[in-house]
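Some notes on the structure that comes next.
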There are 2 protein chains.
Amino acid sequence: MPNPPTIKEIAKRLNLAASTVSRALHDHPRIGLRTRLKVQELARELQYEPNQTAIFFQQKKTFTLGIVLPELSEAFFSAAISGIEDTANKSNYMVLLGQSHDDTEREQKILEIMKNHRVDGLLVSLAKNTVNYAHFEMLRKYNIPVVFFDRIPNMPDIHYVASNMESGTIQAVSLLLRQGHRVIGMINGPEKLIASQQRTTGYQKAIQQQRLKYDASLNVNADLTKEGTRNAMQQLLSHKRKVTAIVAFNDYVSQDAVQYAVEQGLEINKDISFVSYANLPISSYMAFPPLASVEQYPYLQGQKATEILLELLSGKLAADQYQQIVIDSRLVIAPGR
Amino acid sequence: MPNPPTIKEIAKRLNLAASTVSRALHDHPRIGLRTRLKVQELARELQYEPNQTAIFFQQKKTFTLGIVLPELSEAFFSAAISGIEDTANKSNYMVLLGQSHDDTEREQKILEIMKNHRVDGLLVSLAKNTVNYAHFEMLRKYNIPVVFFDRIPNMPDIHYVASNMESGTIQAVSLLLRQGHRVIGMINGPEKLIASQQRTTGYQKAIQQQRLKYDASLNVNADLTKEGTRNAMQQLLSHKRKVTAIVAFNDYVSQDAVQYAVEQGLEINKDISFVSYANLPISSYMAFPPLASVEQYPYLQGQKATEILLELLSGKLAADQYQQIVIDSRLVIAPGR
DNA sequence: AAATTTTGCGCAACCGTTTGCCCAGTCATT
DNA sequence: AATGACTGGGCAAACGGTTGCGCAAAATTT
């Protein structure tokens, strides 16, 4: 009862060496069948369980993956983490969690702690204002592999999984164009974000496919806050051309924009229509859900990123074989529309 | 560059014993000022960092808390985990995550793995169909303290933090009564859930405070699925007395119920009104948000539960001083109503 | 029957840190 | 000058498991 049984304990009782017991438990071929069975039986009887901390220490490996992401309360991330967890668990890895709450400083601290905790590898989605990547460079020295997902840094020589917003954006804008919209506003995210740039590119391509002219003043960068969105809407609604449709950065932004439009007396889906990028599984309950939404496959992203990390850890992949996986986003038409 | 510096390394370079270095780094008073400074300087220079896995092993402590909960995609839990994480981090603990996805079997597996990973303690919110608690009893043998939160087992001698749904329910029903409603339906959760029972009690008390009679047929148990909710609504709407208000188990249920009512041609907030229990921070975007919602303070619950666990771990609290904290829920009127 | 290989197991070091105990030198007390 | 009390530091064990190497006995080959 007091102390959990150890290998030494088993060895003593059976008059064997600890090494023999260890090997027997691992079905080492050099151990005779009889002793092997004896050992395994006693181990079962004593309910022996290896002390993982000892193994971690000895093997210099913790079977732990660190996850650093901005906010679990964002549906995208809580879906992604399920993909991560499921994949990690299949390979007997556990998941250490850290939320940056979109604060770079906190992100750095978490990284520091995780490094000290000796996680085997890291899965990271950046805080939205992280522009300095020194804390990630630092990890290279410690040989801790990092795979980024979704919010990836603008940095060479990294592993990442991200969705390409371009394809989904093309589809979204094309849909609006097919529906006859000609003046389409875009509430985009922070300019430096890759995801914002991809949205811009997609928007341009879709417009130009129809031999229309791209009007940069219809593409407004906002900061994803409610206030920012409202300002962007104000700007778009006062555009000299009449905006009849909006592509919003994500569902949260979309809903804030809808709210503003309603306040301005506009009738949704008549005066103005919305498409968005899927963050919310519950948008069917919304007063005015977007016409369509670009799916970003969060679970899949988490899964792929974890798979890469695991391959890096198992040596199947060399650290400098940089994996850069892009998952095409895809437009999903809201049911019943 | 090859191996990270160790205490032994420092000791060798300074011609000291490892023990002296260790003590010097910990500002042990028995070490002279001069050597202490010398050691600390070299440590800084070499960028020495203690090998946590070695410390974990030696101290039989991992500074890791295991979190087991049903679903991070439920807003309640993603808020709770922030409370947990923040509190844990303050005391230099990290958080190991495991989602049961409301599957008892998976819950057991996670517990097993976490035990093997030697987490110092556990914070658990039960899968909704967990009725057998053997896997938790097992943890006692390993001296791993567990604090339950929100979804707590019906079991004596445990630590827990949970919100008491009764107070909020009384307030919710009272509000409806004040507004003139006399026939109030309740879509409750699974009968065996403590949270369901508390809702029932609260409902009864509020009714009886007004010298009205409790009608059990107005209190319907459902399984929280969309179908279950629709069945419950059907039952309530066909009640011989005309139901003019509904208390829904949570916001998800509420929205499903609203949807059903709308389909039946009822006008929300006129023919029928809804109050609910807060799960969704975004209900302001809903087509028909509940009139009011019972707040359950997820962040606070996570925080309190973690505080208790930390006190248990630090020995401030004995394992058998069972902490059972109940946080009163409180009705929050939706803004602008 | 001798030489060789195989089989089965033990010895001991090692991973990095902490900590109880011991010891030598220094200083202060009688 | 002898005794005692500090001061500053070292020795070695311990935490639990793994693994390279060595060695004897058994089995096989010649």
Side-chain angles (χ1 to χ4, degrees), chain A residues 2-43 46-64 92 115-120 142-143, chain B residues 2-43 46-64 92 115-120 142-143:
Chain A
N3 305 34
T6 70
I7 279 199
K8 293 182 183 172
E9 178 69 21
I10 298 184
K12 196 177 295 174
R13 296 209 194 197
L14 260 36
N15 262 323
L16 289 172
S19 51
T20 305
V21 174
S22 172
R23 291 191 170 98
L25 290 172
H26 286 76
D27 284 324
H28 191 293
R30 301 298 299 267
I31 302 299
L33 185 60
R34 275 199 312 287
T35 38
R36 201 187 311 173
L37 290 180
K38 253 195 326 195
V39 167
Q40 297 185 348
E41 191 192 323
L42 183 58
L46 260 46
Q47 302 197 49
Y48 166 77
E49 289 173 30
N51 180 335
Q52 298 283 358
T53 63
I55 296 177
F56 293 165
F57 171 48
Q58 206 264 11
Q59 316 258 285
K60 300 172 179 304
K61 211 167 174 297
T62 61
F63 286 94
T64 304
N92 279 315
K115 181 200 69 191
N116 288 342
H117 254 251
R118 296 290 209 267
V119 296
D120 292 340
Y142 293 88
N143 274 321
Chain B
N3 305 33
T6 71
I7 280 197
K8 291 181 184 175
E9 178 69 22
I10 298 183
K12 196 176 296 174
R13 296 209 194 197
L14 259 39
N15 260 323
L16 289 173
S19 51
T20 305
V21 175
S22 172
R23 291 191 170 97
L25 291 173
H26 286 79
D27 284 324
H28 191 292
R30 299 295 302 272
I31 302 300
L33 183 61
R34 274 200 313 286
T35 37
R36 200 187 313 173
L37 290 181
K38 253 195 325 196
V39 167
Q40 298 185 348
E41 192 193 322
L42 183 57
L46 260 46
Q47 301 198 54
Y48 166 77
E49 288 173 30
N51 181 335
Q52 297 284 356
T53 63
I55 297 176
F56 293 165
F57 171 48
Q58 206 264 13
Q59 316 258 287
K60 299 170 177 304
K61 212 167 173 294
T62 60
F63 287 94
T64 305
N92 279 315
K115 181 200 70 193
N116 289 342
H117 254 253
R118 295 289 208 269
V119 295
D120 292 339
Y142 293 88
N143 274 321

Subject >> Heavy-atom protein contacts under 4.0 Å, nucleotides 11-17 of chain C, coded B base, S sugar-phosphate only, - none >> reply: BB--BBB
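Taking the nucleotide of DNA chain D with the nearest heavy atom to each of B:Arg34 and B:Gln59, the more 5' of the two is matched to B:Arg34.
Spacing between atom CZ of B:Arg30 and atom C1' of C:dC21 amounts to 11 Å, rounded to whole angstrom units. Across the protein-nucleic acid pair, A:Leu25 atom CG and C:dG8 atom P stand 17 Å apart, rounded to whole Å. A straight line from NE2 of A:His28 to P of C:dG8 spans 12 Å, rounded to a whole angstrom.
One distance of note links CG of A:Leu25 with OH of A:Tyr48; it measures 6.0 Å at 0.5 Å rounding. Considering CZ of A:Arg118 and NZ of A:Lys115, their distance stands at 8.5 Å, rounded to 0.5 Å. Put simply, CZ on A:Arg13 and CD1 on A:Ile10 are 8.5 Å apart, with the number rounded to the nearest 0.5 Å. Between atom CG of residue B:Leu16 and atom CZ of residue B:Arg23 there is a gap of 12.5 Å, rounded to the nearest 0.5 Å. Note: B:His117 NE2 to A:Thr62 OG1 = 7.0 Å, rounded to the nearest 0.5 Å.
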Which pairs, protein N/O on one side and nucleotides 24-27 of chain C N/O on the other, fall under 3.5 Å?
none

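Here the side chains of B:Lys12 and B:Lys8 are not in contact, with every heavy-atom distance at 4.5 Å or above. The shortest distance between side-chain heavy atoms of B:Phe56 and A:Phe57 does not fall below 4.5 Å. Counting heavy atoms from C-beta outward, B:Asn51 and B:Thr6 have side chains that stay 4.5 Å or more apart. The closest side-chain heavy-atom distance from B:Val39 to B:Leu14 is below 4.5 Å. Residues B:Arg36 and B:Gln40 form a side-chain contact, since some pair of their non-hydrogen atoms from C-beta on lies under 4.5 Å apart.
Shortest non-hydrogen contact noted between B:Asn116 and A:Gln52 is O-CG, 2.6 Å.
Running 5' to 3' along DNA chain D, contacts with non-hydrogen atoms of chain B at under 4.0 Å begin and end at D:dT7 to D:dG16.
At the heavy-atom level, A:Thr35 lies under 4.0 Å from the strands shown only through sugar-phosphate atoms.
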